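Down below is the structure, laid out as structure tokens.
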Protein chains: 2
Amino acid sequence: MRNIAQDLQPAMALLATGPVQHFAPNRPIYVAGDAAEALHKVVSGMVRTVRFLHDGKRQIDAFYNSGDVFGFERGAFHTLSAEAVSRCTLVAYRHKGLAVAMHNQELTRQLYRHTLDGLARAQAHVRLLAHGGATAKLAGFLLECSERSADGRLITFGMARHDIADYLGLTVETVSRTLTELRKASFIEFVSAREVRLKNLPGLQVLNS
Amino acid sequence: MRNIAQDLQPAMALLATGPVQHFAPNRPIYVAGDAAEALHKVVSGMVRTVRFLHDGKRQIDAFYNSGDVFGFERGAFHTLSAEAVSRCTLVAYRHKGLAVAMHNQELTRQLYRHTLDGLARAQAHVRLLAHGGATAKLAGFLLECSERSADGRLITFGMARHDIADYLGLTVETVSRTLTELRKASFIEFVSAREVRLKNLPGLQVLNS
DNA sequence: CGTCTCTTTGACAGCATTCAACGTGTGTGG
DNA sequence: CCACACACGTTGAATGCTGTCAAAGAGACG
């Protein structure tokens with residue numbers, strides 16, 4: 001059975017590249033309310049999309065790594081802010097150019113595929129958030145990181161504990177505590193505070209289920 | 001009684017449509033793992049997309065009302081199941097037809113827009129789930145229902161308490177308790193168990209923030 | 001070497017879940 | 001028309017987990 005998404009060729013360049021941008025850690029890329037003039041593709045480093053709540057709390061909608069495209073909006077303005085997590089470089093694809101590119105069927109399909117990626121990502125995030133316990137959430141988060149890592153068993157966090165907490169709807173303390181519990185139970189092993197070795201993938205999948 | 005063809009006019013009028021389908025409450029529309037052969041548009045009634053967890057628990061990914069399109073998948077198979085909440089009628093758009101339709105720029109644009117709608121919906125859901133308390137979640141849910149209701153102050157739930165609970169990552173008991181608290185605090189008023197009048201919209205927005 | 005941020009750990013209070021029981025409504029068959 | 005069954009909804013009490021407040025340890029960088 002063929003599906004439109006299957007026809008898309010991920011290997012091809014999305015578009016003729018726009019301006020290349022560099023950002024230092026924690027620098028804003030765009031802010032909620034800004035005009036949404038372009039999509040952004042991560043060339044290197046890591047990006048987070050963020051929502052700031054009225055009570056001062058922060059919520060992370062997604063993390064983006066090399067190859068990921070972000071900045072999709074339904075309307076003319078950004079509903080989220082985007083920030084550099086680590087030092088990173090991006091390429092911008094302006095919507096003006098995209099409108100023209102819609103004549104090109106291949107590019108249209110790639111754009112569609114990246115949107116579907118974002119949708120799948122958001123749905124996976126919902127699954128993570130709705131399914132109860134802190135242990136389950138962390139296990140799920142580790143597995144998510146694992147899938148995006150070169151070595152599936154060695155994860156290098158690009159982000160701080162605080163970022164993980166705001167992504168999972170937990171507090172920093174709970175994240176820290178739960179990670180140590182996972183370590184004590186031999187599910188994981190710390191190389192450093194930001195590097196984790198997964199010692200029991202099946203076990204983590206059970207915790208996550 | 002409206003003519004089905006009328007509902008199709010604004011979106012994808014030129015597409016070859018599959019048969020119109022009718023479903024009784026709680027009947028499956030498709031199941032996770034099925035081949036994703038078509039998108040579905042709700043003509044009338046309400047649909048939920050569902051994820052069944054290994055421990056027997058259930059999670060609702062989204063609710064869809066008249067005019068909404070669902071069934072977007074990144075791969076060739078459905079990752080979620082879809083079920084009728086109420087008695088409902090749908091129209092299917094097969095991917096075969098869509099692939100041909102990608103030549104038509106206007107249809108492509110509409111398809112893209114519906115995907116963005118799904119993305120925005122999922123992001124709003126993430127926001128709801130991550131932002132703490134049961135009261136905040138219910139307030140957010142009521143506001144979400146309000147925006148989709150003809151009369152913004154009178155909501156008619158199509159779904160059971162159990163569905164609301166699985167959508168918000170809560171238990172039925174907590175949903176029930178929290179709704180009565182909101183009633184006692186005069187934020188809402190029950191016409192019946194499935195009909196609520198919102199008496200304090202600004203107040204609910206504060207609770208939700 | 002000192003300062004700052006990040007991370008970890010502890011104690012306690014608060015809130016959601018769990019288990020249990022009781023109302024409520026709806027539809028079916030007698 | 002009534003009675004009953006069954007699914008849905010509400011309420012109560014106790015447990016357990018996460019948030020909060022507080023403080024100390026660990027790295028990074030000048």
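Keep in mind that this is a model prediction, so the values were computed, not measured. Values below: all heavy atoms of this structure, side chains included; hydrogens, waters and symmetry mates excluded. To find a chain, count down the sequence lines: A is the first, B the second, and so on, and within it residues start at 1.
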Before you tell me yes or no, could you show the steps for H40(A) and Y30(A) under ring pair (Phe, Tyr, Trp, His ring centres under 6.0 Å), namely the whole-Å CA-CA distance, both residues' side-chain angles and the distance that decides it to 0.1 Å? CA-CA 10 Å; H40(A) 301 269; Y30(A) 57 74; 5.6 Å; yes
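- To the nearest angstrom, P of dG27(D) lies 16 Å from CZ of F157(A).
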Please determine whether side chain to side chain contact (heavy atoms under 4.5 Å, CB included) holds for the pair I164(B) and L168(B), giving the CA-CA distance in whole Å, both sets of side-chain angles, and the decisive distance to 0.1 Å. CA-CA 6 Å; I164(B) 301 175; L168(B) 295 176; 3.9 Å; yes
Evaluation steps, salt bridge (Lys or Arg N to Asp or Glu O under 4.0 Å), between R121(A) and D68(A): CA-CA 11 Å; R121(A) 191 186 294 263; D68(A) 292 336; 3.3 Å; yes
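- Going from atom NE2 of H131(A) over to atom C1' of dA16(C) covers 15 Å, rounded to whole Å.
- Between D166(B) atom CG and dT17(C) atom C1' the separation is 14 Å, expressed in whole Å.
- Residues S44(B) and S66(B) come closest through the heavy atom pair CA-OG, 3.6 Å.
- Between R48(B) and E83(B) there is a salt bridge, with a side-chain nitrogen of the basic residue lying less than 4.0 Å from a carboxylate oxygen of the acidic one.
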Reading nucleotides 4-19 of chain D from the 5' end, what letters show protein touch, with B for base, S for backbone sugar-phosphate only, - for no heavy atom under 4.0 Å? ----SSBBBB----SS
